[in-house]
> 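Sharing a structure below in structure tokens format, with a few things to ask.
Note that the coordinates shown come from a computational prediction; the quantities given were computed from them, not determined experimentally. Here, residue 1 is the first one in the sequence, and each next residue gets the next number.
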Amino acid sequence: LLALTAFICIETIMECSPCEGLYFFEFVSCSALVVTGALLLLFSLNLHTRIPQINWNLTDLVNTGLSTFFFFIASVVLAALNHKTGAEIAAVVFGFLAMAVYAVNTFLAVKKWRVSSRQQSSRQSSDYVRARTESREVVHRPEIQRLDA
């Protein structure tokens, strides 16, 4: 919602003389809104369970991390290059708020990713131990005699 609000604020600006900062902020807020919205839709409808080949925890982590970084850069650039209009100041404020929320979400995504990585590695090691144990089990069959005996 903060990315949407920042995008709406930046879209209400009618004039700019150096427009690069404004265009960059517009790109960042729109991109974050679209990608986060798509991931939110996937997670809400449980569509991510149909594609198990993708590590969804890592995907969420990358999205929130990049959004945090780019919102920070875009907000600093827009704060430095703005013309002190109300819409530009509001966009900068909402940009920094969105960056803060994305940063908290990045922290939570890192924790979730670490937990899932540990569970996956312990599951793989237990599968390996079970396979090694099963391969060592010998079925004693009396009809087969050892040749060295």
> State the CZ-OG distance between Phe70 and Ser75, to the nearest 0.5 angstrom.
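Here the rounded value is 13.0 Å.
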
> Tell me, with the steps shown, if Leu66 and Val62 meet side chain to side chain contact (heavy atoms under 4.5 Å, CB included).
CA-CA 6 Å; Leu66 288 176; Val62 168; 3.8 Å; yes

> Nearest 0.5 Å, what's the OG1-CD1 distance between Thr5 and Ile10?
13.0 Å

> Is it possible for you to say whether Val35 and Ile54 belong to one hydrophobic cluster, with membership spreading through side-chain heavy-atom contacts below 4.5 Å?
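As far as the 4.5 Å side-chain criterion goes, Ile54 and Val35 are connected within one cluster.
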
> Can you list, pair by pair, the side-chain donor-acceptor contacts under 3.5 Å of residues 21-30, counting residues two or more places apart and other chains?
| residue | atom | partner | partner atom | Å |
| --- | --- | --- | --- | --- |
| Ser29 | OG | Phe25 | O | 3.0 |
| Ser29 | OG | Glu26 | O | 3.2 |

> As a test of understanding, state which of Leu61, Thr36, Thr64 forms a side-chain contact (heavy atoms from CB on, under 4.5 Å) with Asn105.
Thr64

> State the CE-CD1 distance between Met99 and Ile73, to the nearest 0.5 angstrom.
10.5 Å

> Group every Ile, Leu, Val, Met, Phe, Trp and Tyr by side-chain heavy-atom contacts under 4.5 Å, then state whether Val92 and Val77 land in the same group.
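Same hydrophobic cluster.
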
> Do side-chain atoms of Trp113 reach the backbone of Leu108 as a donor and acceptor pair under 3.5 angstrom?
no

> As an exercise, state the distance from CG of Leu2 to OH of Tyr102, rounded to the nearest 0.5 Å.
9.0 Å

> Looking at CZ of Phe96 and CZ of Phe72, how far apart are the two atoms once the value is rounded to the nearest 0.5 Å?
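If I round to the nearest 0.5 Å, the distance is 6.0 Å.
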
> Report the C-alpha separation of Phe94 and Ile8 in whole Å, then their side-chain angles, then the decisive distance to 0.1 Å, and conclude whether the side chain to side chain contact (heavy atoms under 4.5 Å, CB included) test is met.
CA-CA 10 Å; Phe94 282 112; Ile8 291 170; over 6 Å; no

> Would Val110 end up clustered with Leu58 when hydrophobic side chains under 4.5 Å apart are linked, directly or stepwise?
yes

> For residues 38-50, which side-chain N or O atoms pair as donor and acceptor with protein atoms under 3.5 Å away, sequence neighbours left out?
| residue | atom | partner | partner atom | Å |
| --- | --- | --- | --- | --- |
| Ser44 | OG | Leu40 | O | 2.7 |
| Thr49 | OG1 | Asn46 | O | 2.7 |

